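Predicted model only: the values in this text are computed from it and were never measured. Count residues from 1 along the sequence.
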Amino acid sequence: MALKKLITLTRLKTNFLKNWGYWLSFLLPLLIFLTYFLTKGFDFLTVDLGQQYIDFLAHFKRYLFSDPGKLIYSFSNGLGGSMIATVAYYLTSPFNLLLIFSPNLPIAVLVVISLKIATAGLSSFYYWRHKFNLSQIATLAAAASYSLCGFAVANYLNLMWLDSVILLPILLKQLDNLLTKKSDKLILITFLAWFTNFYTGYMILLFGCLYFIKELCLSSNTAKIELIKKYLWKSILGSFLASFILWPTFLELLAGKASTGAKWSLNFQFPLSQELSKLLPGAYNYSEMEAGMPNIFISSSLFLLAIAYFLNKNILWKKRLADGLLSLIMILSLSFTPLVLVWHMGQFPIWYPGRFSFILSFLLIDLALTCLKNSISLLNKFVLVGLAAGLEAYWLCIHNSFSFINEQTLILAGLFLALSLLYICFIHQNIRFDTSFLAISVLIEISANLILSLNNITYQNNRDYENFSNNMVQISSQLPKNSFFRVEKNFYRSDNDPFTANYYGISIFNSVSDQKTLTLLSQLGYLHNSNSVTNNGGSPISDAILGIKYYIEPNYAHDQIKANQQMRFDNLNNRVDLINYPVEKEYPQLLLLKNNFALPLIFLDNNDFKKVHFISDNPLYNQQLLLQKMIGTSADFIDYSYLPKPKTQNALAVNTSSLEFQKSPKVNNAKIIFELTIKDYNDYYLQLPMGISPKNANLIINGRSINLDIRDDQSRLINIINHKKGEKVSIVFEMLNNELNLNELKLWKIDTNKLAKSLIKFNQKQPSFKQTSAFTLKANFKTTTEKTLASTVPYSKNWLIFDNGKLISSKLIFNAFLGGKLDKGQHQLLLVYLPINLIIGLFLSLISLLLIKLHKD
């Protein structure tokens, strides 16, 4: 037995020593990436990762095994909606299963990202090791450069795209096997490309098609038609195998983000020469993240070797021509509008430009490794020296044009270019340890790029997320079970807080959003853009409409909380009228308020299904109009109130009949001041005109600065005072530009007593609905007349309404919501969400699986 163990250990040691490159291709990128964030205290959350993805991941972690139906449909998804496309885009990576086993979500997400980057190093090492049979050290340098290329560093936060970075080398390996008639797993890899992230999966499959065409043209194999048939058959089968995720996602995209148009034109988005700036280490910051250029950084050694590939006459000209055409397509795709749209599924990327750029980095490294196997002539070395000098000169000329270029990056770039030329001109194939020199220089350069790039952005504190999650989940876990209502708060950490905190809210930030719902919420005055909406802009009327039964606000009375356990309340929504809602329960850092006037999310009324005709840029009027339609009343709850004539400091009115102002000459501090005395006990709301933002004004109400951040341009409501008869109110606009137009500034008041009476009367007649599963809602009640079943559940054809077991017709009501008609009598009502497109997709996947089993290669 001891001898057997010794033999086993000896074999393991031999295998490890033989394949040490595989281990290091995984471990080196892992250590480089993790070590950087170790120096940051493992705080890595930033931008969308901290404001969007981590909330989806929290939802995934909570419900994957406990209630997986909520990964198909959830009322935490805005007002409620399908989660299929959301899961397909953000959550289907197998790496996410690791989150289930970790008690600390932020650290678990960092581990997942690190493992993805490390696995990209492993998969590329595997591919290049088999393709070129170079030394393990040289292949290791290439794998490390790919796994930590400019795209990976800049987009680590978009962790859902990193699976495609891993799969690209494996896909190309399967295509090579297909072309050489070896056993391949093209069906499986095609499926995984679509499944792990359909968006970037499409990109690598598109490149795979281009690669296959190129290799087929170069192949001496005479059975090319047979190879094309095999490629198409396996690609189609692999794609249809993923139908269960692709089909419902495709239809949701058509109804959501993909419905926005993109203008096709034969132009360039930026001069392609500027892309050379992205070869500098540290060519990354927030500006580049939002609206910059694609990230294509690889080490300068490999970049120069890629150029040398096309100069090397030892490589067949046909191969260089084919690779040149493919490279040209990829380079043009960085900026040429039609190609940009082709790579991005017909949509211009919003933030994070050039989301396929890792493919170009891979291609350049692949060409460099081909060149590495060949000697480089003296003439070509002179050409490379000239090109390197020209590149450095170009960087010096443009350094004032880009905020990420500074003296430090220019010096480092020059040093790395010098090292690269030293290697190419004197070391390559001339000394024994040439590949070691290459590997060390590459590792130093990619590490420098990572440090400089990520130092240009800031990070949220993991502890802030944990404190928010712990305190909010404490409240949500104690809310009534199975009851059907919404919860909101007057602060937010992110628009996706309902996913992390496990409640049904109204805010959402999702690239796959229900456009009808977003449109309606924008008409009601909530801050929004094309894929997000936040609970900022509401009033007691909209609280009632949307069934917000509970509100959460900060508890400032408890100040004995340890500093590292305190919640941050950076994004407060100015809702002073929340004092109307009594405190239901007090928690150490939060207060739970109860809104006794909220409508049920499903209710009965006597209305028809006519569309509501809203008035643009009049949110409070629209709120009243919708509520009147819902509860069947003509009573007015709002009234227009006149603002007094403003006072000015260092500002002049354009004319006496307008509220348009200009700064006095040669002054900086200009103000427009409205002072009024409240004459009743109503709630007062200031309606800000479109265009008022932190760029042109500050707003101060009774000494308190008001957050004026906007998204899409819209009118918005600011609650200025509540039930304070006789109170004086000072409204001050500080001008930040030379002009300020307040012509559309309005003051409204809400008669909250009248509103409360109408809502209480209406709610007394309503049945109680219970949520019995992620897909079902139930109620038992009796009606003496025909009724309209109304709701603020977003309309979907997937919602089926059964009355006493009989399916009744559903209708789109109030522009966005689900409704139906009920006869008089006793009702056992059951609402079922049936994801019919998911079922169709599953059926197509099963057929594909059957065909795969029957298919003989």
Side-chain angles (χ1 to χ4, degrees), residues 21-50 52-54 56-58 60-61 90-126 140-170 196-197 200 284 295 297-298 352 358 361-362 442-455 457-463 465-466:
Y22 287 93
W23 291 95
L24 284 183
S25 69
F26 179 87
L27 291 174
L28 280 176
L30 180 75
L31 292 174
I32 292 170
F33 186 77
L34 272 180
T35 300
Y36 175 81
F37 283 106
L38 173 63
T39 66
K40 299 287 184 181
F42 293 121
D43 291 333
F44 69 104
L45 297 173
T46 187
V47 197
D48 287 357
L49 177 57
Q52 183 183 26
Y53 310 152
I54 196 163
F56 290 140
L57 292 165
F60 173 86
K61 181 178 187 292
Y90 296 104
L91 301 173
T92 48
S93 170
F95 286 87
N96 289 340
L97 293 173
L98 297 173
L99 303 176
I100 307 300
F101 307 103
S102 173
N104 187 304
L105 183 60
I107 296 300
V109 173
L110 178 60
V111 169
V112 164
I113 294 170
S114 304
L115 290 175
K116 287 188 179 189
I117 288 173
T119 307
L122 178 61
S123 69
S124 56
F125 184 91
Y126 162 80
L140 182 62
S145 185
Y146 174 65
S147 63
L148 290 171
C149 65
F151 173 91
V153 170
N155 290 286
Y156 85 85
L157 56 107
N158 295 301
L159 71 164
M160 64 279 184
W161 297 341
L162 298 179
D163 293 74
S164 297
V165 181
I166 297 168
L167 289 171
L168 175 62
I170 303 173
T196 53
N197 186 271
T200 50
Y284 182 64
N295 299 283
F297 178 86
I298 57 173
Y352 317 115
F358 66 94
S361 295
F362 182 90
V442 166
L443 288 172
I444 292 172
E445 188 171 2
I446 62 174
S447 298
N449 175 65
L450 182 145
I451 293 167
L452 293 173
S453 296
L454 297 186
N455 279 350
I457 60 177
T458 57
Y459 305 92
Q460 302 160 27
N461 194 311
N462 291 353
R463 190 181 295 117
Y465 173 82
E466 294 164 22

Open item on the list: Does anything in residues 95-109 form a side-chain hydrogen bond (donor to acceptor under 3.5 Å, both in side chains)? List the pairs, not counting sequence neighbours.
Closed with: Asn104-Glu466

TODO: Only pairs at least two apart or in different chains count here, so list each side-chain hydrogen bond (donor to acceptor under 3.5 Å, both in side chains) that has a residue in residues 142-155.
DONE: Asn155-Asn158

Find the distance between [atom1] ([X]) and [atom2] ([Y]) and round it off to the nearest 0.5 Å.
| X | Y | atom1 | atom2 | answer |
| --- | --- | --- | --- | --- |
| Phe358 | Ile298 | CZ | CD1 | 15.0 Å |
| Leu110 | Leu45 | CG | CG | 8.5 Å |
| Leu159 | Leu91 | CG | CG | 9.0 Å |
| Ser447 | Ile32 | OG | CD1 | 3.5 Å |
| Ser361 | Asn295 | OG | CG | 8.5 Å |
| Leu24 | Leu122 | CG | CG | 11.0 Å |

Open item on the list: Please verify the inter-ring angle class for Tyr352 with Trp161; under 30° counts as parallel, over 60° as perpendicular, anything in between as tilted.
Closed with: perpendicular

Side-chain contact, heavy-atom cut-off 4.5 Å: [X] with [Y]?
| X | Y | result |
| --- | --- | --- |
| Leu34 | Val111 | no |
| Lys116 | Ser93 | yes |
| Gln460 | Asp43 | no |
| Leu49 | Ile113 | yes |
| Phe297 | Cys149 | no |
| Thr92 | Phe60 | no |
| Val165 | Ile117 | no |

Would you please name every residue forming a ring pair (Phe, Tyr, Trp, His ring centres under 6.0 Å) with [X], sequence neighbours left out?
| X | value |
| --- | --- |
| Phe26 | none |
| Phe33 | Phe37, Tyr156 |
| Tyr22 | Phe125 |

Task: Modelled atom types, side-chain donor and acceptor of Asn455 and Tyr284, under 3.5 Å - done: no

Task: Under 3.5 Å: donor-acceptor pair, side chain of Asn462, backbone of Phe42 - done: yes

Task: Expected output: side-chain Thr46 to main-chain Thr458 donor-acceptor under 3.5 Å - done: yes

Would you please name every residue forming a side-chain contact (heavy atoms from CB on, under 4.5 Å) with [X], sequence neighbours left out?
| X | answer |
| --- | --- |
| Pro94 | Asp163, Thr196 |
| Ala58 | Leu105, Tyr465, Thr500 |
| Gln52 | Asp48, Phe56, Tyr90, Asn496, Phe509, Ser511 |

For [X], check side chain to side chain donor-acceptor pair (under 3.5 Å) against everything at least two apart and list the hits.
| X | answer |
| --- | --- |
| Ser164 | Thr200 |
| Thr39 | none |
| Tyr459 | none |

Which heavy atom in [X] sits nearest to a heavy atom in [Y], and how many Å separate them?
| X | Y | result |
| --- | --- | --- |
| Leu148 | Pro29 | CD1-CA, 4.0 Å |
| Pro169 | Ile166 | CD-O, 3.2 Å |
| Ser123 | Ala120 | OG-O, 3.2 Å |

- [ ] Among residues two or more places apart or on two chains, list those pairs meeting salt bridge (charged side-chain N to carboxylate O under 4.0 Å, His left out) that have a residue in residues 93-111.
- [x] none

